[in-house]
Amino acid sequence: MTNDSQHDDAALAIELLEFMPRMQRRIYADVLAARDSQQDARWQDFSEVQATPGQLSLLRILVGRKRCTMQELAEQAVVAPSTATAMVKRLLAQGYVERFRGSEDWRTVWVQPTTRGEQVVAVYDQIYLASLQTRLQQLSATERAQIMAALPALQHLIDLEM
């Protein structure tokens, strides 16, 4: 590998690492704007939702898995157990999750989403998707085609075993 190639790979890696969080923050801002404007009818019952992106990510994990122990949840969210505990406490206070002790081992604490938590994730996901679709529609056909063409390589990047 030449120095130029290594430099190009490093620059690409930096761009990719910086791009994803910027895109997520931008779309999250769109979601908050939709919530605050109340123009989207899906928000009528959820105007008081105050979950952070991290809390929504944690809640999305719970919705997908149906229930987790606190340790599993921390591992899935890639956060410290104390961080997961603090996030769950905030979600619990908003009525999005419930905690309970294991029937076989009372020391095990399980967390699962409530129906309300599942609804919040569904609404956020719908508005998140709509925001991205709106942004994609503002691109040229050529730009959208370039993104589509890059998707297999990006998927391969995710699938690589290291």
Side-chain angles (χ1 to χ4, degrees), residues 9-38 40 42-136 147 150-162:
D9 288 346
L12 178 58
I14 290 168
E15 286 295 323
L16 285 171
L17 289 173
E18 291 176 353
F19 170 79
M20 291 307 299
R22 282 195 324 258
M23 173 64 95
Q24 288 178 322
R25 281 192 303 272
R26 188 65 191 122
I27 293 175
Y28 183 70
D30 293 347
V31 169
L32 292 181
R35 179 195 70 192
D36 293 343
S37 73
Q38 298 275 329
D40 193 315
R42 293 172 287 195
W43 282 112
Q44 287 177 341
D45 294 333
F46 302 104
S47 60
E48 77 285 356
V49 172
Q50 296 298 317
T52 66
Q55 291 166 356
L56 285 169
S57 177
L58 197 97
L59 188 53
R60 189 172 285 107
I61 291 167
L62 284 171
V63 167
R65 295 184 58 131
K66 304 298 181 209
R67 72 177 191 158
C68 291
T69 65
M70 289 299 296
Q71 183 63 37
E72 290 170 340
L73 190 55
E75 289 170 5
Q76 288 292 311
V78 192
V79 297
S82 60
T83 301
T85 299
M87 293 167 80
V88 165
K89 282 182 182 179
R90 288 190 286 277
L91 292 169
L92 188 62
Q94 293 185 67
Y96 300 143
V97 299
E98 55 191 11
R99 285 189 299 200
F100 56 95
R101 298 255 177 217
S103 57
E104 296 167 12
D105 183 353
W106 64 270
R107 295 170 297 180
T108 303
V109 177
W110 291 90
V111 184
Q112 68 185 27
T114 61
T115 300
R116 179 173 168 76
E118 292 171 345
Q119 292 169 337
V120 166
V121 168
V123 168
Y124 263 97
D125 287 350
Q126 289 171 10
I127 294 173
Y128 211 84
L129 179 61
S131 171
L132 184 53
Q133 286 173 322
T134 299
R135 288 181 171 281
L136 287 169
I147 292 171
L151 290 177
L154 293 170
Q155 183 61 50
H156 184 213
L157 187 62
I158 292 168
D159 295 339
L160 287 173
E161 293 294 328
M162 303 300 285

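The basis for the numbers below is simple: all heavy atoms, side chains too, and nothing from hydrogens, waters or symmetry mates. Fair warning: this is a prediction, and the values are worked out from it, not measured in the lab.
The shortest side-chain heavy-atom distance between Q94 and R116 does not fall under the 4.5 Å cut-off. Under the 4.5 Å side-chain criterion, counting only non-hydrogen atoms from C-beta, L136 is in contact with I147. R67 places none of its side-chain heavy atoms less than 4.5 Å from the side chain of V111. Here the side chains of T108 and M70 are not in contact, with every heavy-atom distance at 4.5 Å or above. Put simply, the side chain of L154 reaches to within 4.5 Å of the side chain of L16, judged on heavy atoms. Side-chain contact between W110 and R99 is absent, with no heavy-atom pair separated by less than 4.5 Å.
Annotation: the span from E72 atom CD to Q76 atom CD amounts to 8.0 Å, rounded to 0.5 Å. For the atom pair CD (E118) and OH (Y96), the distance works out to 13.5 Å, reported to the nearest 0.5 Å. For the atom pair OG1 (T114) and CG (L91), the distance works out to 9.5 Å, reported to the nearest 0.5 Å. Note that CZ of R22 is 12.5 Å distant from CD1 of I27, once rounded to the nearest 0.5 Å.
Sorted by first then second residue, the side-chain hydrogen bond (donor to acceptor under 3.5 Å, both in side chains) pairs that include residues 77-91, not counting sequence neighbours, number zero.
Taking every heavy atom of both residues into account, Y28 and Y128 meet most closely at N-CE1, 4.1 Å. Listed here is the closest heavy atom pair of L92 and V97: CD1-O, 3.1 Å. Minimum interatomic distance between M87 and Q55 (heavy atoms only, all atoms of both residues): CE-N, 3.4 Å. Nearest heavy atoms, S131 versus D30: OG-OD2, 2.5 Å.
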Using residues 58-66 as the side-chain source, report each donor-acceptor pair under 3.5 Å to any protein atom, sequence neighbours left out, with the distance given to one decimal.
unit_1 : atom_1 : unit_2 : atom_2 : d
R60    : NE     : D125   : OD1    : 3.0
R60    : NH2    : D125   : OD1    : 2.4

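Panel note: side chain T69, backbone V109; no donor-acceptor pair is recorded below 3.5 Å.
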